[in-house]
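Take this structure, written in structure tokens, and hold onto it; I'll ask about it next.
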Number of protein chains: 2
Amino acid sequence: MTTIKDIAKAAGVSVTTVSRALNGYYDVNEKTRQKIQAIAEKLSYRPNAVARSLVTKKTRTIGVILSEINREGAKDSLAFETLCGINDRATELDYDILLFSTSSKKQKSKSYADLCKERNVDGAILSGLRLHDPYLEEVVHDTDFPCVLIDIPLESREVGHVTTDNVKGAAAAVGHLIGLGHRRIAMINGHDEAAVSRDRLEGYRRALEGAGIPFDPQLVYNGGFREEGGFEAMYEIGYNRKDVTAVFSASDLMVLGALRALERMGRKAPEQMSIVGYDDIAIAAHCSPPLTTIRQDRYEMGYQSAQLLIDMLEQREVGRKIVLHSELVVRKSTAPCKE
Amino acid sequence: MTTIKDIAKAAGVSVTTVSRALNGYYDVNEKTRQKIQAIAEKLSYRPNAVARSLVTKKTRTIGVILSEINREGAKDSLAFETLCGINDRATELDYDILLFSTSSKKQKSKSYADLCKERNVDGAILSGLRLHDPYLEEVVHDTDFPCVLIDIPLESREVGHVTTDNVKGAAAAVGHLIGLGHRRIAMINGHDEAAVSRDRLEGYRRALEGAGIPFDPQLVYNGGFREEGGFEAMYEIGYNRKDVTAVFSASDLMVLGALRALERMGRKAPEQMSIVGYDDIAIAAHCSPPLTTIRQDRYEMGYQSAQLLIDMLEQREVGRKIVLHSELVVRKSTAPCKE
DNA sequence: AGCTTTATCCAAAACGTTTCGGATTTGATG
DNA sequence: CATCAAATCCGAAACGTTTTGGATAAAGCT
């Protein structure tokens with residue numbers, strides 16, 4: 001490994017000059033700069049990022065903490081799409097990404113903040129956290145550590161967030177069902193620990209009330225965002241609430257489970273049950289029936305997260321909150337109400 | 001940020017002693033160790049990994065270079081599953097992951113080796129590279145940089161690889177079709193720059209010849225592993241080779257395209273055309289018809305890659321090559337030949 | 001007592017860079 | 001000719017660790 005010293009020796013100048021030449025300072029003669037650059041090139045010199053970070057206190061690295069990185073996460077590739085967006089924008093802006101998972105045992109002993117401090121990342125992007133995650137508090141209190149949260153509405157000088165308009169999205173979904181004539185519409189929600197669940201519930205409620213349909217808490221089930229949860233919820237609906245003709249689910253994954261439940265009960269969507277999902281995961285367009293759903297652009301969310309974080313890191317004055325739009329995609333899992 | 005010096009001062013010992021106490025050396029009195037640990041705890045001390053790396057020359061970080069991290073990559077989540085496996089094993093073994101994409105512009109100017117050198121990762125895992133990728137040569141020649149390749153059969157002291165038994169897998173796929181009575185079987189392959197394509201072609205050929213069916217190179221199409229490529233290939237087959245009753249595709253993604261082409265031509269699978277794919281992506285089980293395919297465990301591949309790389313990094317004597325098994329999954333896209 | 005061993009500690013160097021605070025030279029200016 | 005400014009360079013400190021090569025004191029042995 002050639003170091004800055006080797007170059008200094010070869011060029012007959014001091015390390016200071018080499019450093020300043022290579023970093024484009026103006027107090028070095030153009031000729032010596034070229035000489036130094038030529039030598040650096042010839043020795044295929046690469047600055048040691050570790051050494052540099054030690055003195056500058058910057059690593060040009062952002063930590064990405066995704067709770068969904070595990071064997072099951074592959075089915076809905078939401079986390080992956082987010083990661084792709086983060087990665088693309090980060091690389092464009094010449095930042096690197098240090099990936100942390102929270103699934104392993106390590107999480108228990110080390111907090112995010114510790115991880116980040118230890119590895120000296122400049123900032124972090126967190127996704128998939130539960131609302132009452134103990135580490136979330138850490139983030140909020142530890143105000144000097146810049147980070148952006150995905151789908152968690154918190155803001156301060158050093159924390160921003162990006163999310164989608166979940167209330168509107170859910171309202172559009174339910175509005176679509178109402179437009180088809182459905183009046184008894186159940187909801188399969190995620191869980192209370194997700195901000196998006198609260199918002200989507202709110203959207204569901206507003207759409208109903210806007211149409212003069214009373215909101216009935218009994219019609220709201222929790223599926224925990226898991227396929228199995230969707231299965232169980234639909235099973236219950238099918239047996240206990242035979243008046244229900246349509247379901248709004250807070251995730252496509254749960255719809256997959258719900259469809260299996262319907263099949264098990266000898267019923268079909270959309271003939272005996274209209275369903276609209278959320279997310280527009282890859283499977284949604286291909287499964288049977290293809291899902292009517294609310295599309296949210298996770299790639300864009302990741303992209304914007306990276307942009308926001310780096311804006312913050314580089315002291316640009318910028319809004320701490322980004323809300324992206326979602327969009328109703330009508331496919332074949334919904335049909336006019338027959339009753 | 002509390003440093004080792006702060007602790008030394010607080011404990012009334014030298015920094016050497018603090019370092020040795022915290023790192024479990026045996027030449028420090030148990031009482032002083034406890035005292036030091038208590039103080040470290042109280043000051044919530046976290047060792048600065050950057051400073052440590054500078055002297056130890058180790059970062060406990062592995063670079064992960066995936067070519068498939070981009071907006072399109074989300075549909076088949078193969079890269080993501082691999083990443084999950086890598087991540088899980090790496091975290092278990094207390095390594096961190098630095099993510100590099102190759103999609104962006106940066107790639108053109110900086111090679112992988114440069115990236116890795118610059119960021120001082122201890123080793124790297126590369127996936128999605130083409131056989132004649134200019135950087136691959138770099139890897140092979142730069143023999144002092146440890147890395148493991150996914151699906152590229154290269155070996156040396158510092159490079160290992162993990163892959164699946166593609167020849168067997170392809171042979172099983174084609175054997176399944178032959179068992180159903182098919183004799184005119186086309187293949188939609190990926191591209192020549194992928195080792196897996198060569199192997200799968202070999203498996204296709206062997207299965208045919210094993211059944212006494214002559215191998216006809218005209219029946220092999222290249223779809224580039226892209227959905228559109230599958231579409232086009234199937235279109236050609238449908239119009240120019242009406243004798244073909246079955247197709248073996250080197251990826252499920254291309255099958256999705258092929259199915260669209262069939263539909264466009266007013267034909268259906270498996271009635272008018274049996275198709276078996278490869279990969280068993282998430283969509284495969286849900287699309288219509290559900291795909292008969294060869295399952296390969298990408299998560300496991302990632303997991304094993306991480307294990308292999310870290311074994312190499314820690315100087316454990318271990319085989320440089322890992323071959324995982326694949327498995328035929330029979331669903332509904334294949335049916336007995338009617339002719 | 002003198003010697004060796006053992007246990008415990010530490011000063012200083014090293015890692016590769018950036019940066020602070022000048023130093024030196026050159027040319028222009030009054 | 002003395003002074004000043006600009007251009008160009010450099011020595012040394014600093015970043016926070018680990019590690020080398022002892023130093024010191026206490027204990028054990030002959």
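Every chain is numbered from 1, with letters handed out A, B, ... down the list of sequences. This structure is a prediction, so every number in the text was calculated from the model and none was measured. Scope of the values below: all heavy atoms of this structure, side chains included, with no hydrogens, waters or symmetry mates.
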**Message:** Tell me which residues in residues 29-41 of chain A lie within less than 4.0 Å of DNA chain C, going by non-hydrogen atoms.
**Reply:**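 DNA chain C contact set from residues 29-41 of chain A: none.
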
**Request:** List the steps, then state whether side-chain hydrogen bond (donor to acceptor under 3.5 Å, both in side chains) holds for Y303(B) with E92(B).
**Result:** CA-CA 10 Å; Y303(B) 196 91; E92(B) 283 170 13; 2.8 Å; yes

**Asked** Do the side chain of E193(A) and the main chain of H132(A) share a donor and acceptor less than 3.5 angstrom apart?
**Response**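 Yes, E193(A) side chain to H132(A) backbone: donor-acceptor pair under 3.5 Å.
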
**Item:** Between T16(A) and S19(A): side-chain donor-acceptor atoms closer than 3.5 Å
**Value:**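 No, no side-chain donor-acceptor pair sits under 3.5 Å.
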
**Asked** What one-letter contact string describes nucleotides 10-23 of chain D from 5' to 3', where B marks a base within less than 4.0 Å of any protein heavy atom, S marks contact via sugar-phosphate atoms alone, and - marks no contact?
**Response** BBB--BBBBBB---

**Prompt:** Is the shortest distance from a Lys or Arg side-chain nitrogen in R60(A) or D122(A) to a carboxylate oxygen in the other one below 4.0 Å?
**Reply:** no

**Nearest heavy atoms of D27(B) and R20(B), plus distance in Å** = OD1-NE, 3.1 Å

**Request:** Fit a plane to each ring of F80(A) and F80(B), take the angle between them on a 0 to 90° scale, and name the class: parallel (under 30°), tilted (30 to 60°) or perpendicular (over 60°).
**Result:** tilted

**Item:** Protein-nucleotide distance (K58(A), atom NZ; dT19(C), atom P), rounded to Å
**Value:** 12 Å

**Prompt:** Is there a side-chain hydrogen bond (donor to acceptor under 3.5 Å, both in side chains) between E41(B) and Q37(B) once you walk through the steps?
**Reply:** CA-CA 6 Å; E41(B) 180 76 20; Q37(B) 274 169 340; over 6 Å; no

**Prompt:** Could you walk me through whether T61(A) and R119(B) pass the side-chain hydrogen bond (donor to acceptor under 3.5 Å, both in side chains) check?
**Reply:** CA-CA 10 Å; T61(A) 301; R119(B) 299 305 306 245; 2.5 Å; yes

